[in-house]
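To start, the structure itself, in structure tokens.
Any value given below was found using the heavy atoms of this structure, including those in side chains, with hydrogens, waters and symmetry copies removed. The chains referred to below are lettered A, B, ... by the order of the sequence lines, with proteins before strands, and numbering in each begins at 1.
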Amino acid sequence: MRRESPHTASEAPVGPEGGAARKAADADAAARDGQDTLPLPPWKGPAILLVDLDAFFASVEQLDHPAWRGKPVIVGGDPDKRGVVSTASYEARPYGVRSAMPSSTAYRLCPHAIWTRGRFDRYREVSNEIMDILRSETPHVQQVSIDEAFLDVSPTAVNREHPVEVARRIQRRVEELGVTCSIGVGTSKTVAKIASDMDKPRGLTVVYPGGERDFLGPLPVRTMSGIGAAAEEKLRSRGIRTLGELADADEGMLLRAFGKNGRVMHVRANGGDDAPVAQDDDVKSVSNEMTFAVDLTARDEVEGAIATIAAKVGRRLRRKGLRGRTISLRMRYDDRSVRSVQRQLAAPSDDELAYTPLLHRMMDELWQPGMPVRLIGVGMAGFEEDEGVQEALFDIAKVAPSEDDVRPSIPDEGKRRGLIEATDLVKDRFGETAVRFGRELRGEGNTTGSAAKNPADYK
DNA sequence: TCTGGGGTCCTAGGACCC
DNA sequence: TCTGGGGTCCTAGGACCC
């Protein structure tokens, strides 16, 4: 059975051995005031930090627009065009505005908020500066997203610095850039991640070695990364609501219910997560989606939209120097159902002029006359290693032609590349709408939201 | 005037080969 | 001779994350 009276992160610090969570914000504040702080309890074993930037997009907007500071700021899609909230500043949250909420709802809750669709290049820029700070602290940095990263700061024979000291310094250095972060410190990624969420913004929550089970036990299962709505419901139906109950559950049952993820959940709930902080920055897929302000019903509109999105994907592939072999098409309909198809190309490609005709044939498999199309997505995956790319190009000739073969609309490979590169240059200088190929033009005007109007923001 | 966009990973079934 | 099983690739769908 689980013990009762669990400690949570908001309670008073406890010792390292019996210990649960230690909230270090007070000590942190004291340190900022230049006061002496109590010596930190020693740290034994692995130490993982999760650094999470607070309301990041909104904070960057407030940094760049001093007049917006102290006011509710919402970064998100248009309220009247099926947009959702990307980030709400802390001033907007008391009104109930949350990430992923439909913008229309957010507008109702907080009509006087400052609304912006976002400048993702700028967010990327600030994010890169912060990631540089993190990498200057340790090479063991795993960037999870634009605003989150794990760091392994386990004390070693060479570097004996206490993990909490590192965390405090990171907070100070990040704040010098004009934004803030919250940090969780623990012996595993699971614990660090959950701890980082306990106290925001500007929180520093520490779970000392040995305190994992007491810290996790009372929390709802949904708190843990990897458990979403579906798993939560499945667990609930088996009488499991907290991570403590999950930790004590029968592993065989979890295995039957969740496959190998069941074992992972069980181990993590017991504080036994030993997943390493790993740098794996290889991109595995590149895709773009577009939700239409008004559903598309005409076939040629859908074809036109596919061409436009395919061009966006192609351009991103070329910018990244990637050529993919697996192309996919996704459609969401009127009733929110989703269908998708994928195909293997005869040779890896980054050229929409080559693969768009195939996408149009794939569309035939998804096309349901009379069924309004709400969203279209195009994705490329199956990237080759750098060495393989050139070789693969020459392999085109060896592959037997088939129905789904890539049929270039401009047969001469050299001319086609020249044309593509020229248009990329123009788009770089004058924006995405400056140049369109014939197929792309149709269906334009129905496309919605930030992605359609300002594609450069979504790189 | 409900519910975006860009990703990763897993599963399950079928094809195909040995 | 009617019949196994492992490995791998491919495909569609779905859960989940920020």
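Between A:Phe120 and A:Tyr123, the ring planes lie perpendicular to each other; the angle is over 60°, past the 30° to 60° tilted range.
Nucleic acid contact for A:Arg330: none, since no nucleic acid atom lies under 4.0 Å from a heavy atom of the residue. In this structure, A:Ser287 reaches the sugar-phosphate backbone alone: every heavy-atom distance under 4.0 Å involves primed, P, OP1 or OP2 atoms, never a base.
Checking the phosphate oxygens (OP1, OP2) of B:dG6, a side-chain nitrogen or oxygen of A:Asn288 falls inside 4.0 Å. For the pair A:Arg374 and B:dT3, the criterion of a side-chain N or O lying under 4.0 Å from OP1 or OP2 is met.
Under the 6.0 Å cut-off for aromatic ring centres, A:His112 and A:Tyr95 qualify, their centroids lying closer than that.
A:Arg122 and A:Glu125 are joined by a salt bridge, as a carboxylate oxygen and a charged side-chain nitrogen come within less than 4.0 angstrom of each other.
Place A:Ser99 and A:Ser104 on DNA chain B by their nearest nucleotides, and A:Ser104 ends up nearer the 5' end. Mapping A:Lys260 and A:Val283 onto DNA chain B by nearest heavy atom places A:Val283 closer to the 5' end of the strand.
Shortest non-hydrogen contact noted between A:Pro218 and A:Thr242 is O-CG2, 4.0 Å. Closest approach of A:Ala88 and A:Val85 over heavy atoms only: N-CG1, 4.1 Å. Here the closest heavy-atom approach between residue A:Pro163 and residue A:Val185 is recorded as CB-CG1, 4.1 Å. In terms of heavy atoms, A:Val277 sits closest to A:His140 at CG1-O, 3.6 Å. Here the shortest heavy-atom pairing between A:Val378 and A:Val313 reads O-CG2, 3.4 Å.
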* Asked: Do A:Asp295 and A:Arg82 pass the salt bridge (charged side-chain N to carboxylate O under 4.0 Å, His left out) test, and can you show the C-alpha distance, the side-chain angles, and the key distance before you say yes or no?
  -> CA-CA 11 Å; A:Asp295 293 344; A:Arg82 293 177 165 175; 2.8 Å; yes
* **A:Leu366 vs A:Val373, side-chain contact (heavy atoms from CB on, under 4.5 Å): CA-CA, chis, key distance, verdict** => CA-CA 10 Å; A:Leu366 301 182; A:Val373 176; over 6 Å; no
* Let me have a per-nucleotide readout for nucleotides 11-18 of chain C, 5' to 3', with B, S or -, counting only protein heavy atoms under 4.0 Å. => BBS-SSSS
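Listed by residue number, the members of residues 84-96 of chain A with any heavy atom below 4.0 angstrom from DNA chain B are A:Val84.
Counting heavy atoms from C-beta outward, A:Ser287 and A:Met380 have side chains that stay 4.5 Å or more apart.
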* Structure fact -> With both pairing distances under 3.5 angstrom for Watson-Crick or G-U wobble, and | for a partner in another strand, the correct string for DNA chain C is ....||||||||||||||
